[in-house]
Amino acid sequence: MYKFKISGFEFIPLYLESSKLIGIFDLMLRWKCDSALKIAYLAHNKKATALFHTGRVGKDQNDLETIECFQLLSYGRNYEGYIEEFNQIFFFKSDVFKAEKEDAWLTFIDNGASIKNERISTDNNAHFLARNVIYALCSYTKEIYDIRHHMGTNHAYSQDDWFQEIEEKSKTLPVIGKNFLKVDYLKGYQGDDFSVIGNFEEAKKYVASHPPKNRAELKMIIIKLKHEYNLMYKEIAQLVYIDWKNAEAETLEKRIGRALQGYSKYFPE
């Protein structure tokens, strides 16, 4: 029934808002230093949900763009198939955000990294480095103890077999056309914009049904919006401060920051 050029997915369709997903190209630019290894780490070590978009697009009851996907459970070594479907492979932004909070090194750029040694992903070289990403994703095995040990490896003097394999064998794969990198075919897709990663609409309903009566309740709501609904500061401000449009961003951040200081008081670890 399903004829796709990649393998390893679960044959149960999921219907997801495209604005809540991030494609591999945008993730390469977000984690631009050694992005092939970092993305392989996300998929294999963090057990992040990877998704393959079938091409079907629709809407939900809120008129938001929704796309049909299958969850990728494993990565076969049909490298060229994954390259051909490159801009149809996604991760949940929430998984990426969670990984960044737990492993700060994912966004780290060390001094030895540059475009010249191809350790930095850019708009201009991504169609070449995308092959490294696919090869790293599909060639990872359980014998690779921890991808972090390969970070910052000097390409010219690497003694690591797997790292050398990625470097050498990925160059035998076809270069991805630039038009197959970007996800500009989806109207609702927001790329690297992480302003909406939590459940904003549900949080909005909660605040409407639980309006704070005093300052203490306001603090509790702010804490709930941050830690339960995973909202960003600017989203929290929209829901709890009437003057959020006119107030300076720095002022709003300080207000929310002060409220969040009470987290350990109300929820001791």
Side-chain angles (χ1 to χ4, degrees), residues 8-10 14 16-53 67 69-75 82 86-110 113 119-122 126 129-130 132-153 162-163 166 181 183 189-200 203 225-236 260 263 267 269:
F9 53 83
E10 184 177 36
L14 304 172
L16 308 164
E17 290 175 31
S18 57
S19 61
K20 293 185 177 179
L21 307 175
I22 182 169
I24 298 183
F25 169 69
D26 287 302
L27 189 51
M28 286 176 68
L29 299 185
R30 184 176 179 88
W31 293 350
K32 56 188 175 182
C33 181
D34 295 329
S35 52
L37 297 180
K38 290 176 178 179
I39 292 171
Y41 175 85
L42 176 74
H44 292 284
N45 295 59
K46 301 300 292 184
K47 303 295 189 294
T49 301
L51 305 152
F52 168 66
H53 172 37
I67 64 175
C69 295
F70 293 131
Q71 183 176 345
L72 284 170
L73 302 177
S74 61
Y75 303 88
Y82 284 89
F86 188 84
N87 67 359
Q88 290 177 249
I89 300 173
F90 296 90
F91 292 98
F92 280 115
K93 287 181 179 178
S94 55
D95 285 347
V96 172
F97 183 74
K98 181 181 178 183
E100 290 177 351
K101 287 176 68 177
E102 294 175 352
D103 294 306
W105 61 269
L106 289 168
T107 59
F108 179 73
I109 305 171
D110 70 69
R119 288 186 55 206
I120 299 291
S121 299
T122 69
L129 297 184
N132 295 35
V133 176
I134 292 300
Y135 200 92
L137 271 174
C138 296
S139 66
Y140 176 91
T141 65
K142 292 180 180 179
E143 286 70 37
I144 300 167
Y145 174 68
D146 195 330
I147 289 175
R148 285 175 291 185
H149 293 304
H150 307 277
M151 306 302 298
T153 306
W162 183 59
F163 190 85
I166 294 171
L181 287 173
V183 192
Y189 181 72
Q190 296 173 20
D192 198 28
D193 180 6
F194 273 48
S195 60
V196 182
I197 58 166
N199 199 333
F200 183 81
L225 295 180
K226 180 71 175 74
H227 294 281
E228 186 172 325
Y229 289 97
N230 298 313
L231 299 192
M232 305 293 279
Y233 276 27
K234 67 179 181 180
E235 295 176 306
I236 294 173
L260 292 175
Y263 180 75
F267 302 98
E269 295 182 357

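By the side-chain contact (heavy atoms from CB on, under 4.5 Å) test, Ala130 pairs with Met28, Phe86, Ile176, Leu181, sequence neighbours left out.
To the nearest 0.5 angstrom, Glu100 atom CD is 15.0 Å from Phe108 atom CZ. Expressed to the nearest 0.5 Å, how far CZ of Arg30 lies from CG of Leu106 amounts to 10.5 Å. The CG atom of Asp110 sits 4.0 Å away from the CZ atom of Arg119 when rounded to the nearest 0.5 Å. Residue Ile120 holds its CD1 atom at 10.0 Å from CG of Leu129, rounded to the nearest 0.5 Å. Rounded to the nearest 0.5 Å, atoms OG (Ser121) and CH2 (Trp31) are 12.5 Å apart. Ile24 contributes atom CD1, which lies 12.0 Å from atom CG of Leu29 (distance to the nearest 0.5 angstrom).
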| field | Intermediate values then yes/no, ring pair (Phe, Tyr, Trp, His ring centres under 6.0 Å), Trp105 and Tyr41 | value | CA-CA 11 Å; Trp105 61 269; Tyr41 175 85; 4.9 Å; yes
| Hey, mind stepping through Leu37 and Ile166 against side-chain contact (heavy atoms from CB on, under 4.5 Å) and telling me if it holds? | CA-CA 10 Å; Leu37 297 180; Ile166 294 171; 4.0 Å; yes
| field | Phe92 vs Lys98, side-chain contact (heavy atoms from CB on, under 4.5 Å): CA-CA, chis, key distance, verdict | value | CA-CA 10 Å; Phe92 280 115; Lys98 181 181 178 183; over 6 Å; no
| request: Output, in order, the C-alpha distance, side-chain angles, deciding distance and verdict of side-chain contact (heavy atoms from CB on, under 4.5 Å) for Ile236 and Tyr229. | output: CA-CA 10 Å; Ile236 294 173; Tyr229 289 97; over 6 Å; no
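Counting heavy atoms from C-beta outward, Ile89 and Tyr82 have side chains that approach closer than 4.5 Å.
The residue from Ile39, Thr49, Leu51 that alone fulfils the side-chain contact (heavy atoms from CB on, under 4.5 Å) condition with Phe91 is Ile39. Screening Leu27, Leu21, Ile22 for a side-chain contact (heavy atoms from CB on, under 4.5 Å) with Phe90, the sole residue that qualifies is Leu21.
Closest non-hydrogen pair, Lys226 versus Leu260, comes out as CB-CD2, 3.7 Å. The two residues Ala36 and Ala136 come nearest to each other via the heavy atoms O-CB, 3.8 Å.
Ion pair Lys38/Asp103 not flagged as a salt bridge, since none of the NZ, NE, NH1 or NH2 atoms sits closer than 4.0 Å to an Asp/Glu carboxylate oxygen.
Between the side chain of Gln190 and the backbone N or O of Ser19 there is no donor-acceptor pair closer than 3.5 Å. Remark: the backbone N or O of Gly191 is not paired with any side-chain donor or acceptor of Asp26 at under 3.5 angstrom. Under a 3.5 Å cut-off, the side chain of Tyr140 and the backbone N or O of Ala43 do not form any donor-acceptor pair.
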